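Read the structure below first, then the notes.
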Number of protein chains: 2
Amino acid sequence: MAEPLRVALAGLGTVGAGVIRLVEANADLIARRAGRPIAVTVISARDRSKKRPVDLTPYTWEDDMVILGERADVDVVVELVGGADGPALSCARATMEAGKAFVTANKAMIAHHGLELAAKAEAAKVALKFEAAVAGGIPVIKGLREGAAANEIERVYGILNGTCNYILSTMEDTGRDFADVLAEAQAKGFAEADPAFDIEGTDAAHKLSILAAIAFGSKIDFLGVETSGITRLRAADIAQADALGYVIRLIGMAETQGDKLFQRVQPHLVPFDHPLAHVDGATNAVVAEGNFSGRLLFQGAGAGDGPTASAVVADLIDIARSTMGRGEIGVPFSVPVAELEAMAPADSGPRLGRAYIRFMVADRPGVLAEITAAMRDAGVSIESLIQKGRAGDAGAVMVAMVTHEGPESAVAEALRLLDGSASLTEPPLVMQLLGE
Amino acid sequence: MAEPLRVALAGLGTVGAGVIRLVEANADLIARRAGRPIAVTVISARDRSKKRPVDLTPYTWEDDMVILGERADVDVVVELVGGADGPALSCARATMEAGKAFVTANKAMIAHHGLELAAKAEAAKVALKFEAAVAGGIPVIKGLREGAAANEIERVYGILNGTCNYILSTMEDTGRDFADVLAEAQAKGFAEADPAFDIEGTDAAHKLSILAAIAFGSKIDFLGVETSGITRLRAADIAQADALGYVIRLIGMAETQGDKLFQRVQPHLVPFDHPLAHVDGATNAVVAEGNFSGRLLFQGAGAGDGPTASAVVADLIDIARSTMGRGEIGVPFSVPVAELEAMAPADSGPRLGRAYIRFMVADRPGVLAEITAAMRDAGVSIESLIQKGRAGDAGAVMVAMVTHEGPESAVAEALRLLDGSASLTEPPLVMQLLGE
């Protein structure tokens, strides 16, 4: 048997501990499949004295994670520290400059600096791999980059944030309101103490921007993702969607419009018979629609120490195989960075679709006439409308409608006409209906 | 740009034509992703004069598909002829002996001769790839072999035959009986004129045996697959399952039992809240349960010219990338053939589970007592039982039951006790309930 691939691990939180447990538990089969053993040799974390869930005595400690790749006893650095910048980014740069492979689960860093890092990897002819950065344990980067490689991808979309999906499916099951379910999720450890990154859609947007680059061969454009989260959803929205035959899911969606790229993270109404309607709890799922493959669905655990470690070690196995003539490592984004297209963000205006629009309005005469007049004037055709009594909200009434298919610009225009109206007690909430 | 990878295509049916169309339609993006163009150069089929759906004039014709790999103008041979033996097998052997890569969609050949062919590929250090052989356009071979490579796979199972799934979901939607729906499927082209391979489970068994080898690092054992098809299902079974909260799907299931391998293709009752319960029509889906990844689901089109061509060309892109320092070619079954374990077939007897058992019985006193006594004597605990009147079947009555969890051997023993009973008008039908 060949010498082990020597892995340095930066970051010893739950995922780091998961990688250590996995590499130990599955050592034999990993060696058989990779052609050589994979061994964690050096570890690093912010606080050496912190109590950890695994025994760290077998490993060499390195105080400075940035120089892990420069050590002679390290072949690959795995970064599980997180953060778009700071030590993680310094570590990535230094590792590849030292001619070593780099594996990360850090979606924020790849979303913000992926192109720079990929160019470094290409220049140094080393691997830069980030399967764990998108959709946890689901091999969706590989699925898009290699499995669907023969296809022009027309659209890629999915459920990319487990915390949001857990909250939405719990709201659905229990009829409880957002704040209530969030608090419970935090208490149970399913949501962070500071949940903003998750519930405001930023985490999903990071992942979407990475998927889009691979699917479309475009430069990562995180800032081009139109992002809204789930914080404004009410139990009544979910009940209303249910009555119409839909569930609500936070969907990240990317598609090309000519030479432009449309990217959006937004709660959508998903019809009951769509595969994503059955994705519950912290599960993630990604759909890619190829011009020959048709619709491909990848589903699994989107987070957690085991699934994330599974993706990290799959990357390590790919790297080990490449060193044994059993595999070779490609460029990080499927095509070289220099060939990735810079696609301008597409305007959502011309997109055709149906929308759910919910207003909270003052309970007084003429409000419904005002809203429907704005819809008429903007050319929005209403398919169904429901006005619901004032349960709970002092004096406020909910008006929810679903539109016929039309351009998003018409809905935007209607809302512009209503902007500043004294009848509205809060800004309207718009969600697209996901087509079948 | 580098020289094209030159592909010879054996077999010009719908999938062959799909490959030609795909390689033409997506030529630019394939070249960008693969690092070099992929071009079909030489073609071969049984009958040169047959009318084809694509223009074949740009390609060199070769009468003898077996020698395609020996031609100096060919780098890779794609075999889409089918058949476990015959010209396909001769072509595979000759191609790899000539030192050329071989790509196939031929599940029967891989199920029967995959180990011999993989050994040839390893000896010649060439690629042998067969993504299209299992689950059409879904990159599930890659998903298991690479994406889930860090995991000990505990179980792999799924819906592997689109024809059966189309028939079952149509029976479900319409309440019609098997023979009726099959005839319609044949008329529509969703089922072959000779459908035996599909409806008797052989095709699913071919695919399952390939998945199992990759998932467990075991030698392919097609003959070890316990196989039953869907031909005995009645509309009443589907109605009964529905009343209990299940749909019926033909499931291929493989799992390890210590150092033994259990492989079975059988209709199962799938609970409504299981992802496979929502897989309708000709769609395929595969679930792999890894010890770290948890449950991974891969879903998509299981057949058809576009999806199958997508998988074939993904293999070609992997091969092209490997020649350009951009991609991955490993040994065909993830570990070298010499290291694959010969696992004896596991006995189903000790497997714990719940079963649906359906009897067609003569309508006379004492029959129910006879059946329930056999269950009692064999130690089978009945959870629910329904007896249904004689609609349709002259004189015959349906008795359907679901058992509590227990060993499969107990159910087998109960049926042995009833074997030859004059009360039964046909052999009982047993289906396992899929756990959640």
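Keep in mind it's a predicted model, so treat the numbers as computed, not measured. Throughout, protein chains are lettered first and strands after them, A, B, ... in sequence-line order, and every chain is numbered starting at 1.
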- Note on the structure: Residue from Leu296(A), Val313(A), Val140(A) scoring the most non-hydrogen pairs under 4.5 Å with chain B is Leu296(A)
- Query: Given that the side chain runs from C-beta out, which part of Ile317(A) has a heavy atom under 4.5 Å from chain B: side chain, backbone, both or neither?
  - Reply: side chain
- Item | Selection from Glu152(B), Arg295(B), Lys125(B) maximising heavy-atom pairs under 4.5 Å formed with chain A | Glu152(B)
- Message: Under 4.0 Å between a side-chain nitrogen and a carboxylate oxygen: does that hold for Glu289(A) and Arg155(A)?
- Response: yes
- Query: Do Phe333(A) and Phe216(A) have ring centres separated by under 6.0 Å?
  - Reply: no
- Task: Select, from Ile30(B), Asp280(B), Ile38(B), Asn151(B), the one with the greatest count of heavy-atom pairs under 4.5 Å involving chain A.
- Result: Asn151(B)
- Message: Which label fits Phe298(A) and Phe298(B): parallel for a plane angle under 30°, tilted from 30 to 60°, or perpendicular past 60°?
- Response: perpendicular
- Task: Kindly indicate whether the side chain of Leu128(A), heavy atoms from C-beta on, has any atom under 4.5 Å from the side chain of Phe130(A).
- Result: yes
- Item | Closest-packed option against chain B by number of heavy-atom pairs under 4.5 Å, given Gly137(A), Gly300(A), Ala149(A), Ala314(A) | Ala149(A)
- Item | Contact origin within Asp305(A) toward chain B - heavy atom pairs under 4.5 Å | neither
- Note on the structure: The interface call for Ala148(A) against chain B, heavy-atom contacts under 4.5 Å, is backbone
- Task: Using non-hydrogen atoms and a 4.5 Å limit, figure out which bit of Asp273(B) sits close to chain A: side chain, backbone, both or neither.
- Result: neither
- Query: Taking C-beta and beyond as the side chain, do Thr256(A) and Glu154(A) meet within less than 4.5 Å on heavy atoms?
  - Reply: no
- Query: Counting heavy-atom pairs under 4.5 Å to chain A, which of Ala309(B), Pro307(B), Ala301(B) comes out on top?
  - Reply: Pro307(B)
- Carboxylate-amine/guanidinium proximity below 4.0 Å for Arg145(B) and Glu131(B): no
- Query: Please walk me through it: do Lys142(B) and Glu146(A) pass salt bridge (charged side-chain N to carboxylate O under 4.0 Å, His left out)?
  - Reply: CA-CA 8 Å; Lys142(B) 184 176 284 285; Glu146(A) 303 170 29; 2.8 Å; yes
